[in-house]
Amino acid sequence: MANYLKRPQGTEDVTPERINKWKTVEKVTRDIAESFGFSEIRIPTFEVTELFQRSVGETTDVVQKEMYSVIAKETQFTLRPEGTAGTIRAMLQNGMLAEALPQKVFYQLSCFRHERPQAGRLREFHQFGVEMAGPASPYADAEVILLGKTVLDRLGIKDIVLNLNSIGCPKCRAKYQEALKAYFEPHKAELCETCQERLVRNPMRLLDCKSPEDQAIAKDAPVILDYLCEECKEHFELVKSALTSMGVEYVINPKIVRGLDYYTKTVFEFITTSIGAQGTVCAGGRYDGLIEQLGGQPIPALGFGMGLERLILTMEQQGCEFFAQNKCDVYLAPMDADAKPVALQYANALRDMGVRAEFDLLDRSFKSQMKYANKLGAKYLVVLGSNELEQGRGQIKNMETGKQHEIRLDSAANFAEDYSGISLAEMFDTEAS
Ligand code: ATP
Ligand code: MG
């Protein structure tokens with residue numbers, strides 16, 4: 001096949017056959033975010049590259065290796081690798097942070113990262129994310145985590161573990177970074193090239209390295225929880241007790257440091273074992289320094305991103321239910337050229353009544369129209385032949401039960417008047433003969 005006929009590596013087509021899965025996760029995430037008082041925000045697909053360098057962080061994998069950037073007319077732009085930076089940029093630019101806080105927004109958007117494609121890891125993927133700006137309270141952390149948990153529960157996902165950690169504030173992290181440096185220094189020569197640089201610039205990033213050799217070295221590294229200052233410790237305790245009071249179970253996982261630089265205090269991931277190695281379906285935390293770092297007031301904030309492909313993959317693996325496919329309610333079968341414009345009128349009268357109606361557009365034979373109506377899963381069939389049109393009445397057939405019901409076919413307007421405001425079953429199944 002010619003190259004231009006193949007989709008780029010690490011991207012996906014969502015064909016109509018699978019679209020119901022996307023509609024399911026899009027609707028459920030939106031409904032739940034709105035029930036928690038979050039409003040939708042939409043931001044550009046690309047931003048000035050510097051935004052990501054300054055927020056996600058220069059020493060992260062995302063910025064060092066994974067960004068899709070272009071130079072257009074001397075400005076460098078990057079396709080968003082995540083949603084937080086653009087969202088905070090939009091909050092700042094639109095004066096949202098000068099309004100009553102908290103600001104609570106959610107988004108459903110595509111992200112782009114140049115990674116090695118594999119199951120659950122794409123180059124274009126989609127996130128449902130929420131961001132809350134304003135509250136320093138640990139109850140906000142609990143609320144955001146609860147939102148994520150509610151989504152997973154509502155979708156019917158099981159066996160998913162909430163992994164919780166605190167990575168402290170810049171104050172406690174300074175001491176921790178020193179301890180990490182001291183720990184890794186003797187192993188410097190064995191570390192991968194990137195990590196040798198990280199050792200100097202940002203030792204905590206070493207814990208996030210995917211190389212098995214480096215992971216083995218990092219196994220006994222000091223853990224951040226032992227270095228938390230009083231304030232961070234108390235915050236973490238309150239988050240944990242709030243979650244416990246809501247019946248949310250978690251495990252403490254000191255290995256979770258998150259792949260982006262802007263996090264502080266609480267970080268978390270919901271991890272499933274159902275979809276292999278890329279099991280983190282939802283990841284997030286607090287990023288109290290980010291807004292100020294980007295030139296705003298020192299306003300604390302937090303949020304998460306949920307990978308929609310991984311979410312759907314998990315649901316498929318676990319046999320969770322998706323919304324039903326869009327189906328045809330009534331299929332109209334015109335038998336000759338004269339019946340076509342009549343079919344068009346009745347189809348439209350039905351649509352005005354909220355009924356999904358279709359008719360033959362391909363001049364098919366009666367037999368192949370029946371085949372097609374079956375393929376569409378049509379619930380009812382109306383045959384429009386010359387007899388029916390002459391007599392001004394015909395039959396509507398319930399395709400499942402085979403029962404027929406007489407209907408008037410003298411004019412689409414009369415038909416609409418007779419049946420408006422009644423459900424399909426009430427219309428056509430009540431006195432079925
Ligand atoms: P990972 O450790 O899997 O690389 P990450 O730390 O890079 O994840 P985040 O930047 O926190 O991930 O993104 C939030 C969520 O977005 C992830 O938990 C995951 O569900 C999803 N995600 C991230 N990268 C990809 C990708 N390349 N393909 C599909 N989903 C992804
Ligand atoms: Mg990653």
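FYI, side chains are in, hydrogens and waters are out, and symmetry mates aren't considered; it's all heavy atoms of this structure. One-based numbering along the sequence shown. Counting convention: from 1, in listed order, for ligands and their atoms alike.
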*Taking atom types as modelled, is there a side-chain donor on Arg80 or Ser110 under 3.5 Å from an acceptor on the other?*
yes
*Check: Glu124/Thr11 side-chain N/O donor and acceptor closer than 3.5 Å*: no
Hey, is [X] touching ligand 1 through its side chain, its backbone, both or neither, going by heavy atoms under 4.0 Å?
X: Glu124; value: neither
X: Arg121; value: both
X: Val62; value: neither
X: Glu269; value: neither

Numbered atoms of ligand 1 (with element) below 4.0 Å of [X], judged on heavy atoms:
X: Ala283; value: 11 (O), 18 (O)
X: Leu122; value: 26 (C), 27 (N), 28 (N), 29 (C)
X: Gly305; value: 14 (C), 15 (C)

I want to know if ligand 1 touches [X] in the polar sense, i.e. an N/O pair below 3.5 angstrom.
X: Gln127; answer: yes
X: Val281; answer: yes
X: Phe125; answer: no
X: Thr280; answer: yes

Is the count of non-hydrogen atoms from other residues, nucleotides or ligands lying under 6.0 Å from [X] atom [atom1] greater than 12?
X: Arg154; atom1: CZ; value: no
X: Glu17; atom1: CD; value: no
X: Glu231; atom1: CD; value: no

*When you measure from atom 2 (O) of ligand 1 to each heavy atom in Lys210, His126, Arg113, which option holds the nearest one?*
Lys210
Check the angle between the aromatic planes of [X] and [Y] and answer parallel, tilted or perpendicular using the 30° and 60° thresholds.
X: Phe106; Y: Phe128; result: tilted
X: Phe270; Y: Phe268; result: perpendicular
X: Tyr263; Y: Tyr287; result: perpendicular

*Would you call Arg123 a ligand 1 contact, heavy-atom distance under 4.0 Å?*
no
_Sub-4.0 Å heavy-atom contact, Glu82 with ligand 1_ = no
*Passes salt bridge (Lys or Arg N to Asp or Glu O under 4.0 Å), Lys21 versus Glu316? Steps please.*
CA-CA 9 Å; Lys21 298 186 173 173; Glu316 287 172 341; 2.9 Å; yes
